[in-house]
Amino acid sequence: NDHWDTVFGIRKRLRYRSEAQNLTFQLAGAAYLQQLRNNGREWHGLLKGTLSQRWLLSEKTVNIPSIRLFGRLLSRDEAPGQDYAARLDNDVYSNYKADHRYGITIADQITHRPWLDTLWTGRVAITSNENLFEPDYLSFNAIWKQMLGEGQLDLGYRFTHYWADEDRSK
């Protein structure tokens, strides 16, 4: 940021795949700490757990439905003043993070490999926030990955629709 405050971050992902049950469990976490000059420290912690299953639809096509639970802790419970908020790094604090402390994501992904050097992926997901039974947003991703010699070209499209709720107007 413009105030020369220091931000430290760490992320880790653990993954376990059971071939017998064809299930994958992934646990991911992140922690960020910002040392503010003359004003103390602010921090943010995030933990996500994902359970998915891999369904082989054909020799070249895979379907992967998944469910993810997430939760975050923030060093502050209320929004900071405007001057103080301007100093905070977005990894440490944002109004969105404060209004979305936990939730669930249900997703489905289809991946198709028509040739050895090509991968097509489509994913649709619906995510909630603290009100677990009302959707917060819907997302759609489509990606084409193509090997070109020693390099790779990625072409993608992403769409996200946020619904109005008590934290967001239309």
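- A side-chain donor-acceptor contact under 3.5 Å links Thr50 and Arg68.
- In this model, a donor atom of one side chain and an acceptor atom of the other lie less than 3.5 Å apart for Thr127 and Thr105.
- Taking CG of Leu51 as the reference point, atom OG of Ser66 lies at 8.5 Å (rounded to 0.5 Å).
- Residues Ile106 and Leu138 fall within the same hydrophobic cluster, defined by Ile, Leu, Val, Met, Phe, Trp and Tyr side chains chained together at heavy-atom separations under 4.5 Å.
- You'll find the ring centres of Phe25 and Tyr16 outside the 6.0 Å limit.
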For this session: Starting from the C-alpha separation in whole Å, work towards a yes-or-no answer on salt bridge (Lys or Arg N to Asp or Glu O under 4.0 Å) for Glu42 and Arg76.
Result: CA-CA 8 Å; Glu42 299 288 346; Arg76 56 178 41 252; 3.3 Å; yes

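- The heavy-atom pair separating Gly103 from Leu132 by the smallest distance is CA-CD2, 3.8 Å.
- Classified by interplanar angle (parallel below 30°, tilted 30° to 60°, perpendicular above 60°), the ring pair Trp163/His161 is perpendicular.
- Looking at Ser75, its side chain does come within 3.5 Å of a backbone N or O of Trp43 through a donor-acceptor pair.
- The two residues Pro135 and Ile126 have their closest heavy-atom pair at CB-CD1, 3.5 Å.
- Phe8 CZ to Arg41 CZ: the interatomic distance, rounded to the nearest 0.5 Å, is 10.0 Å.
- The main-chain N or O of Asn63 is never found under 3.5 Å from a side-chain atom of Gln53 such that the two would form a donor-acceptor pair.
- Annotation: Arg54, atom CZ; neighbour count of heavy atoms from other residues, nucleotides and ligands within 6.0 Å does not exceed 12.
- Of the candidates Gln146, Lys145, Gln152, Gln146 is the only one forming a side chain to side chain donor-acceptor pair (under 3.5 Å) with Asp117.
- By the 30° and 60° cut-offs, the orientation of the rings of Tyr96 relative to Tyr162 is perpendicular.
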For this session: Check the pair Leu155 / Ile143 against side-chain contact (heavy atoms from CB on, under 4.5 Å), numbers first and verdict last.
Result: CA-CA 6 Å; Leu155 179 64; Ile143 302 168; over 6 Å; no

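- Phe140 and Ile110 fall into different hydrophobic clusters, where Ile, Leu, Val, Met, Phe, Trp and Tyr are joined by side-chain heavy atoms under 4.5 Å apart, directly or via other members.
- There is no side-chain donor-acceptor pair under 3.5 Å between Gln26 and Arg15.
- A distance of 10.0 Å separates NZ in Lys60 from OG1 in Thr118, rounded to the nearest 0.5 Å.
- Neither Phe159 nor Val124 shares a network with the other; the hydrophobic side chains, linked directly or stepwise wherever heavy atoms of I, L, V, M, F, W or Y lie under 4.5 Å apart, form separate groups for each.
- Under 4.0 Å is where a charged nitrogen must lie from a carboxylate oxygen, and between Arg123 and Asp108 no such pair does.
- In this structure, the side chain of Lys12 does not engage the main chain of Gly29 through any donor-acceptor pair within 3.5 Å.
- Counting heavy atoms of neighbouring residues, nucleotides and ligands inside a 6.0 Å radius, atom CD1 of Ile10 does not exceed 12 of them.
- Contact record, Lys97 with Asn90: NZ-O, 2.7 Å, taken as the closest heavy-atom pair.
- In this structure, a donor-acceptor pair under 3.5 Å is absent between the side chains of Asp91 and His44.
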Problem set entry | side-chain contact (heavy atoms from CB on, under 4.5 Å) between Thr111 and Leu119, intermediate numbers included | CA-CA 7 Å; Thr111 301; Leu119 185 66; 3.1 Å; yes

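- By the 4.5 Å heavy-atom criterion applied to side chains, Arg72 and Leu47 are not counted as neighbours.
- For Arg101, the CZ atom is densely surrounded, since the number of other residues' heavy atoms within 6.0 Å is greater than 12.
- With values rounded to the nearest 0.5 angstrom, Trp144 atom CH2 is found 11.0 Å from His112 atom NE2.
- Closest heavy-atom contact between Asp89 and Gln34: N-OE1, 2.9 Å.
- Judged by distance alone, the side chain of Ser128 and the main-chain N or O of Ile104 form a donor-acceptor pair under 3.5 Å.
- Using a 4.5 Å cut-off between side-chain heavy atoms of Ile, Leu, Val, Met, Phe, Trp and Tyr, with links allowed through other members, Leu69 and Tyr102 fall into the same hydrophobic cluster.
- With hydrophobic clusters built from ILVMFWY side chains whose heavy atoms lie under 4.5 angstrom apart, Leu88 shares a cluster with Leu74.
- The structure places CG of Asp136 at 4.5 Å from CG of Asn129, a figure rounded to the nearest 0.5 Å.
- Residue Leu116 places its CG atom among 12 or fewer non-hydrogen atoms of other residues, nucleotides or ligands, all under 6.0 Å distant.
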Problem set entry | Intermediate values then yes/no, side-chain contact (heavy atoms from CB on, under 4.5 Å), Leu27 and Arg13 | CA-CA 6 Å; Leu27 189 63; Arg13 184 173 62 191; over 6 Å; no

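- Side chains of Thr121 and Gln109 form a contact here, defined as non-hydrogen atoms less than 4.5 Å apart.
- Between Thr160 and Ser139, the shortest heavy-atom distance links the atoms OG1-CB, 3.9 Å.
- In this structure, the side chain of Arg11 does not engage the main chain of Ala31 through any donor-acceptor pair within 3.5 Å.
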